[in-house]
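The model shown is predicted, which means the values in this text are computed figures rather than measured ones. Below, chains carry the letters A, B, ... as their sequence lines are ordered, and counting in each starts from 1.
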Number of protein chains: 2
Amino acid sequence: MSDVFKAMADETRRSLLDQLFDNNGQTLGQLTQSLDMSRQAVTKHLKILEAANLVSIHWQGREKLHFLNPVPLAEIVHRWVGRFEEAQLDMLVELKAQSESKDQSENRKKKQHGL
Amino acid sequence: MSDVFKAMADETRRSLLDQLFDNNGQTLGQLTQSLDMSRQAVTKHLKILEAANLVSIHWQGREKLHFLNPVPLAEIVHRWVGRFEEAQLDMLVELKAQSESKDQSENRKKKQHGL
DNA sequence: TTAATAGGCAACTAAATGGTTGCCCGTCAA
DNA sequence: TTGACGGGCAACCATTTAGTTGCCTATTAA
(Lines give C-alpha, C1' and ligand atoms only; values in the text may rest on other atoms or scores of the structure.)
Protein backbone atom coordinates (compact mmCIF):
# COMPACT_ATOMS: atom_id res chain seq x y z
CA MET A 1 0.00 0.00 0.00
CA SER A 2 2.79 2.37 0.88
CA ASP A 3 4.26 1.67 -2.53
CA VAL A 4 1.13 2.92 -4.25
CA PHE A 5 0.94 6.15 -2.25
CA LYS A 6 4.65 6.78 -2.68
CA ALA A 7 4.34 6.20 -6.40
CA MET A 8 1.47 8.67 -6.57
CA ALA A 9 3.30 11.24 -4.47
CA ASP A 10 5.54 12.39 -7.31
CA GLU A 11 4.39 14.86 -9.93
CA THR A 12 6.48 13.28 -12.68
CA ARG A 13 4.99 9.87 -12.02
CA ARG A 14 1.44 11.22 -11.97
CA SER A 15 2.25 12.87 -15.27
CA LEU A 16 3.40 9.52 -16.64
CA LEU A 17 0.13 7.96 -15.56
CA ASP A 18 -1.67 10.88 -17.24
CA GLN A 19 0.12 10.11 -20.46
CA LEU A 20 -0.89 6.49 -20.26
CA PHE A 21 -4.47 7.49 -19.51
CA ASP A 22 -4.46 9.41 -22.75
CA ASN A 23 -2.63 6.80 -24.76
CA ASN A 24 -1.99 3.40 -23.26
CA GLY A 25 0.89 1.18 -24.31
CA GLN A 26 3.59 3.80 -24.98
CA THR A 27 7.30 3.08 -25.19
CA LEU A 28 9.91 4.47 -22.85
CA GLY A 29 11.08 6.80 -25.59
CA GLN A 30 7.61 8.19 -26.16
CA LEU A 31 7.03 8.72 -22.47
CA THR A 32 10.38 10.48 -22.16
CA GLN A 33 9.71 12.97 -24.96
CA SER A 34 7.18 15.00 -23.02
CA LEU A 35 9.16 15.14 -19.81
CA ASP A 36 12.28 17.31 -20.07
CA MET A 37 14.53 14.88 -18.26
CA SER A 38 16.84 12.06 -19.24
CA ARG A 39 15.59 8.70 -20.42
CA GLN A 40 17.26 7.08 -17.43
CA ALA A 41 15.39 9.29 -14.99
CA VAL A 42 12.12 8.26 -16.62
CA THR A 43 13.18 4.63 -16.42
CA LYS A 44 13.57 5.00 -12.67
CA HIS A 45 10.13 6.52 -12.30
CA LEU A 46 8.60 3.75 -14.38
CA LYS A 47 10.34 1.14 -12.24
CA ILE A 48 8.66 2.65 -9.19
CA LEU A 49 5.28 2.59 -10.92
CA GLU A 50 5.90 -1.03 -11.89
CA ALA A 51 6.89 -1.94 -8.34
CA ALA A 52 3.62 -0.40 -7.16
CA ASN A 53 1.87 -2.48 -9.78
CA LEU A 54 0.39 0.64 -11.35
CA VAL A 55 2.07 0.03 -14.69
CA SER A 56 2.82 -3.25 -16.40
CA ILE A 57 5.16 -3.74 -19.31
CA HIS A 58 5.24 -5.81 -22.44
CA TRP A 59 8.33 -6.27 -24.56
CA GLN A 60 7.89 -6.11 -28.28
CA GLY A 61 11.20 -6.58 -30.06
CA ARG A 62 13.49 -3.92 -28.68
CA GLU A 63 10.56 -1.78 -27.57
CA LYS A 64 9.20 -1.76 -24.05
CA LEU A 65 5.53 -0.94 -23.98
CA HIS A 66 3.93 0.45 -20.82
CA PHE A 67 0.36 -0.19 -19.76
CA LEU A 68 -1.71 1.24 -16.98
CA ASN A 69 -2.89 -1.10 -14.27
CA PRO A 70 -5.72 0.64 -12.45
CA VAL A 71 -6.56 -2.17 -10.04
CA PRO A 72 -4.32 -1.45 -7.03
CA LEU A 73 -5.15 2.23 -6.91
CA ALA A 74 -8.85 1.61 -7.34
CA GLU A 75 -8.72 -0.80 -4.41
CA ILE A 76 -6.73 1.42 -2.13
CA VAL A 77 -8.72 4.45 -2.98
CA HIS A 78 -12.07 2.78 -2.46
CA ARG A 79 -10.92 1.69 0.95
CA TRP A 80 -9.83 5.18 1.97
CA VAL A 81 -12.94 6.77 0.57
CA GLY A 82 -14.94 4.51 2.84
CA ARG A 83 -12.89 5.37 5.88
CA PHE A 84 -12.99 9.07 5.23
CA GLU A 85 -16.68 9.12 4.58
CA GLU A 86 -17.21 7.46 7.95
CA ALA A 87 -14.93 9.98 9.54
CA GLN A 88 -16.83 12.77 7.90
CA LEU A 89 -20.02 11.58 9.55
CA ASP A 90 -18.22 11.29 12.87
CA MET A 91 -16.97 14.80 12.47
CA LEU A 92 -20.43 16.14 11.90
CA VAL A 93 -21.69 14.38 14.99
CA GLU A 94 -18.80 15.79 16.95
CA LEU A 95 -19.26 19.33 15.75
CA LYS A 96 -22.87 19.07 16.72
CA ALA A 97 -21.95 17.78 20.16
CA GLN A 98 -19.40 20.56 20.60
CA SER A 99 -21.77 23.28 19.58
CA GLU A 100 -24.42 21.87 21.90
CA SER A 101 -21.93 21.79 24.73
CA LYS A 102 -20.89 25.37 24.06
CA ASP A 103 -24.49 26.46 24.01
CA GLN A 104 -25.25 24.96 27.37
CA SER A 105 -25.29 28.31 29.13
CA GLU A 106 -27.60 29.88 26.62
CA ASN A 107 -29.06 26.81 25.07
CA ARG A 108 -32.58 28.12 24.92
CA LYS A 109 -31.68 30.72 22.32
CA LYS A 110 -30.41 28.01 19.96
CA LYS A 111 -27.52 30.06 18.73
CA GLN A 112 -24.76 28.00 17.14
CA HIS A 113 -21.33 28.50 15.70
CA GLY A 114 -18.40 26.18 15.00
CA LEU A 115 -14.65 26.30 15.62
CA MET B 1 -2.70 17.78 -4.60
CA SER B 2 0.89 16.67 -4.41
CA ASP B 3 0.79 17.62 -0.74
CA VAL B 4 -2.02 15.19 -0.04
CA PHE B 5 -0.36 12.27 -1.78
CA LYS B 6 2.97 13.01 -0.15
CA ALA B 7 1.30 13.20 3.22
CA MET B 8 -0.36 9.85 2.63
CA ALA B 9 2.86 8.27 1.40
CA ASP B 10 4.33 7.86 4.87
CA GLU B 11 3.38 4.98 7.14
CA THR B 12 3.74 7.04 10.31
CA ARG B 13 1.39 9.70 8.99
CA ARG B 14 -1.19 7.15 7.88
CA SER B 15 -0.94 5.71 11.36
CA LEU B 16 -1.61 9.17 12.82
CA LEU B 17 -4.70 9.47 10.66
CA ASP B 18 -5.72 6.01 11.87
CA GLN B 19 -5.46 7.18 15.44
CA LEU B 20 -7.62 10.17 14.70
CA PHE B 21 -10.13 7.97 12.91
CA ASP B 22 -10.46 5.99 16.11
CA ASN B 23 -10.47 8.97 18.44
CA ASN B 24 -10.66 12.44 16.99
CA GLY B 25 -9.30 15.51 18.77
CA GLN B 26 -6.20 14.05 20.42
CA THR B 27 -3.29 16.06 21.76
CA LEU B 28 0.27 15.87 20.44
CA GLY B 29 1.27 13.95 23.57
CA GLN B 30 -1.43 11.36 23.08
CA LEU B 31 -0.57 10.89 19.44
CA THR B 32 3.10 10.50 20.33
CA GLN B 33 2.55 7.76 22.93
CA SER B 34 1.69 5.06 20.41
CA LEU B 35 4.49 5.88 18.02
CA ASP B 36 7.93 4.99 19.38
CA MET B 37 9.58 8.19 18.22
CA SER B 38 10.25 11.58 19.72
CA ARG B 39 7.55 14.21 20.23
CA GLN B 40 9.37 16.48 17.81
CA ALA B 41 9.34 13.89 15.07
CA VAL B 42 5.58 13.54 15.51
CA THR B 43 5.24 17.32 15.40
CA LYS B 44 6.91 17.33 12.00
CA HIS B 45 4.58 14.67 10.67
CA LEU B 46 1.56 16.56 11.97
CA LYS B 47 2.81 19.75 10.31
CA ILE B 48 2.87 17.91 7.00
CA LEU B 49 -0.65 16.62 7.56
CA GLU B 50 -1.76 20.15 8.44
CA ALA B 51 -0.08 21.57 5.34
CA ALA B 52 -1.99 19.01 3.27
CA ASN B 53 -5.13 20.15 5.08
CA LEU B 54 -5.78 16.63 6.30
CA VAL B 55 -5.60 17.61 9.95
CA SER B 56 -6.70 20.83 11.61
CA ILE B 57 -5.77 21.96 15.07
CA HIS B 58 -7.44 23.75 17.94
CA TRP B 59 -5.59 25.16 20.91
CA GLN B 60 -7.13 24.58 24.30
CA GLY B 61 -5.00 26.13 27.02
CA ARG B 62 -1.57 24.60 26.65
CA GLU B 63 -2.94 21.60 24.77
CA LYS B 64 -3.02 21.31 20.99
CA LEU B 65 -5.90 19.20 19.79
CA HIS B 66 -5.79 17.53 16.37
CA PHE B 67 -8.82 16.87 14.21
CA LEU B 68 -9.22 14.96 11.02
CA ASN B 69 -10.24 16.89 7.92
CA PRO B 70 -11.54 14.37 5.42
CA VAL B 71 -12.46 16.83 2.68
CA PRO B 72 -9.28 17.14 0.61
CA LEU B 73 -8.62 13.43 0.46
CA ALA B 74 -12.22 12.68 -0.40
CA GLU B 75 -12.00 15.17 -3.25
CA ILE B 76 -8.72 13.96 -4.61
CA VAL B 77 -9.66 10.38 -4.26
CA HIS B 78 -13.00 10.76 -5.95
CA ARG B 79 -11.28 12.41 -8.85
CA TRP B 80 -8.74 9.62 -9.22
CA VAL B 81 -11.35 6.93 -8.76
CA GLY B 82 -13.18 8.44 -11.69
CA ARG B 83 -10.13 8.51 -13.89
CA PHE B 84 -9.05 5.03 -12.96
CA GLU B 85 -12.48 3.57 -13.44
CA GLU B 86 -12.48 4.97 -16.96
CA ALA B 87 -9.07 3.48 -17.50
CA GLN B 88 -10.25 0.20 -16.10
CA LEU B 89 -12.95 0.09 -18.74
CA ASP B 90 -10.37 0.84 -21.39
CA MET B 91 -8.25 -1.95 -20.06
CA LEU B 92 -11.10 -4.41 -20.17
CA VAL B 93 -11.74 -3.48 -23.77
CA GLU B 94 -8.09 -3.97 -24.48
CA LEU B 95 -7.86 -7.29 -22.66
CA LYS B 96 -10.89 -8.41 -24.59
CA ALA B 97 -9.19 -7.43 -27.82
CA GLN B 98 -6.08 -9.32 -26.79
CA SER B 99 -7.92 -12.48 -25.88
CA GLU B 100 -9.86 -12.31 -29.10
CA SER B 101 -6.60 -11.98 -30.90
CA LYS B 102 -5.31 -15.07 -29.13
CA ASP B 103 -8.49 -16.94 -30.00
CA GLN B 104 -8.06 -16.08 -33.62
CA SER B 105 -7.66 -19.65 -34.80
CA GLU B 106 -10.86 -20.81 -33.19
CA ASN B 107 -12.92 -17.71 -33.60
CA ARG B 108 -12.79 -16.56 -37.16
CA LYS B 109 -15.81 -14.28 -37.09
CA LYS B 110 -14.24 -11.53 -34.99
CA LYS B 111 -11.83 -9.00 -36.25
CA GLN B 112 -8.87 -8.01 -34.14
CA HIS B 113 -5.85 -5.83 -34.29
CA GLY B 114 -2.52 -5.68 -32.44
CA LEU B 115 -1.60 -3.49 -29.46
C1' DT C 1 27.50 -6.11 -42.27
C1' DT C 2 27.04 -2.00 -40.22
C1' DA C 3 24.86 2.00 -38.30
C1' DA C 4 21.09 3.73 -35.93
C1' DT C 5 17.72 2.90 -32.56
C1' DA C 6 15.66 1.35 -27.99
C1' DG C 7 16.86 0.51 -23.82
C1' DG C 8 19.83 -1.25 -19.38
C1' DC C 9 23.38 -0.74 -15.73
C1' DA C 10 26.41 1.56 -12.51
C1' DA C 11 28.55 5.40 -10.34
C1' DC C 12 27.98 9.80 -8.82
C1' DT C 13 25.66 14.20 -6.84
C1' DA C 14 22.39 17.45 -4.71
C1' DA C 15 18.48 18.01 -2.24
C1' DA C 16 14.66 16.30 0.48
C1' DT C 17 13.18 13.41 4.23
C1' DG C 18 12.81 11.47 8.76
C1' DG C 19 14.82 11.30 12.71
C1' DT C 20 17.60 13.05 16.82
C1' DT C 21 19.00 16.33 20.82
C1' DG C 22 19.17 20.58 23.57
C1' DC C 23 17.09 24.46 25.08
C1' DC C 24 13.13 27.70 25.51
C1' DC C 25 8.28 29.41 26.50
C1' DG C 26 3.51 29.41 28.26
C1' DT C 27 0.02 27.18 31.23
C1' DC C 28 -1.65 24.95 35.21
C1' DA C 29 -1.80 23.16 39.83
C1' DA C 30 0.21 22.46 44.63
C1' DT D 1 5.15 31.25 43.26
C1' DT D 2 7.25 27.61 41.75
C1' DG D 3 7.78 23.25 39.54
C1' DA D 4 5.86 20.06 36.33
C1' DC D 5 3.72 19.60 32.03
C1' DG D 6 2.50 20.42 26.96
C1' DG D 7 4.54 22.02 23.28
C1' DG D 8 7.84 25.05 19.91
C1' DC D 9 12.30 26.10 17.64
C1' DA D 10 16.79 25.25 15.68
C1' DA D 11 20.83 22.69 14.71
C1' DC D 12 22.42 18.58 13.38
C1' DC D 13 22.73 13.76 11.14
C1' DA D 14 21.83 9.63 8.11
C1' DT D 15 19.26 7.81 4.49
C1' DT D 16 16.47 8.15 0.53
C1' DT D 17 15.22 10.32 -3.65
C1' DA D 18 15.55 12.34 -8.11
C1' DG D 19 18.39 13.50 -11.20
C1' DT D 20 22.85 13.23 -14.02
C1' DT D 21 26.59 10.98 -17.17
C1' DG D 22 29.15 7.33 -19.42
C1' DC D 23 29.25 3.11 -21.32
C1' DC D 24 27.13 -1.41 -22.65
C1' DT D 25 23.69 -4.73 -25.12
C1' DA D 26 20.22 -6.11 -28.37
C1' DT D 27 17.19 -5.32 -32.19
C1' DT D 28 16.21 -3.35 -36.54
C1' DA D 29 16.93 -1.44 -41.09
C1' DA D 30 19.99 0.22 -44.92
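For B:Ser34, the side chain to side chain donor-acceptor pair (under 3.5 Å) partners are B:Gln19, not counting sequence neighbours. The side-chain contact (heavy atoms from CB on, under 4.5 Å) check on A:Gln40 picks up A:Ser38, with sequence neighbours excluded.
In this structure, the separation between NE2 on B:His45 and OG1 on B:Thr32 is 10.5 Å, given to the nearest 0.5 Å. Atom CD of residue B:Gln33 and atom CD of residue B:Gln26 lie 9.0 Å apart, to the nearest 0.5 angstrom.
Protein chain A touches strand DNA chain D; the 5'-most and 3'-most nucleotides with an atom under 4.0 angstrom of its non-hydrogen atoms are D:dA18 to D:dT28.
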**OP:** Could you encode protein contacts along nucleotides 12-23 of chain C as a string, one character per nucleotide from 5' to 3', using B for base contact, S for sugar-phosphate-only contact and - for no contact, with a heavy-atom cut-off of under 4.0 Å?
**Re:** ------SBBBB-
Name the pairs: protein N/O against N/O of nucleotides 27-30 of chain C, kept only if under 3.5 Å.
| residue | atom | partner | partner atom | Å |
| --- | --- | --- | --- | --- |
| C:dT27 | O2 | B:Arg62 | NH1 | 2.8 |

Taking only distance into account, with no hydrogens and no angle test, what donor-acceptor pairs under 3.5 Å do side-chain atoms of residues 49-57 of chain B form with protein atoms, sequence neighbours excluded?
none

Name each donor-acceptor pair under 3.5 Å that joins a side chain in residues 2-10 of chain B to protein atoms two or more places apart or in another chain, with its distance.
| residue | atom | partner | partner atom | Å |
| --- | --- | --- | --- | --- |
| B:Ser2 | OG | A:Arg14 | NH2 | 3.2 |
| B:Asp10 | OD2 | B:Thr12 | N | 2.8 |
| B:Asp10 | OD2 | B:Arg13 | N | 3.2 |

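Minimum interatomic distance between B:Leu20 and B:Phe67 (heavy atoms only, all atoms of both residues): CD1-C, 4.4 Å.
Applying the salt bridge (charged side-chain N to carboxylate O under 4.0 Å, His left out) test to every pair with at least one member in residues 27-39 of chain B, sequence neighbours left out, gives no pairs at all.
Side-chain N or O atoms of B:Gln30 include one that pairs as donor or acceptor with a backbone N or O of B:Thr27 at under 3.5 Å.
Residues A:Leu35 and A:Leu31 form no side-chain contact, since every pair of their non-hydrogen atoms from C-beta on lies 4.5 Å or further apart.
Regarding B:Trp59, its CH2 atom lies at a distance of 12 Å from the P atom of C:dG26, rounded to whole Å.
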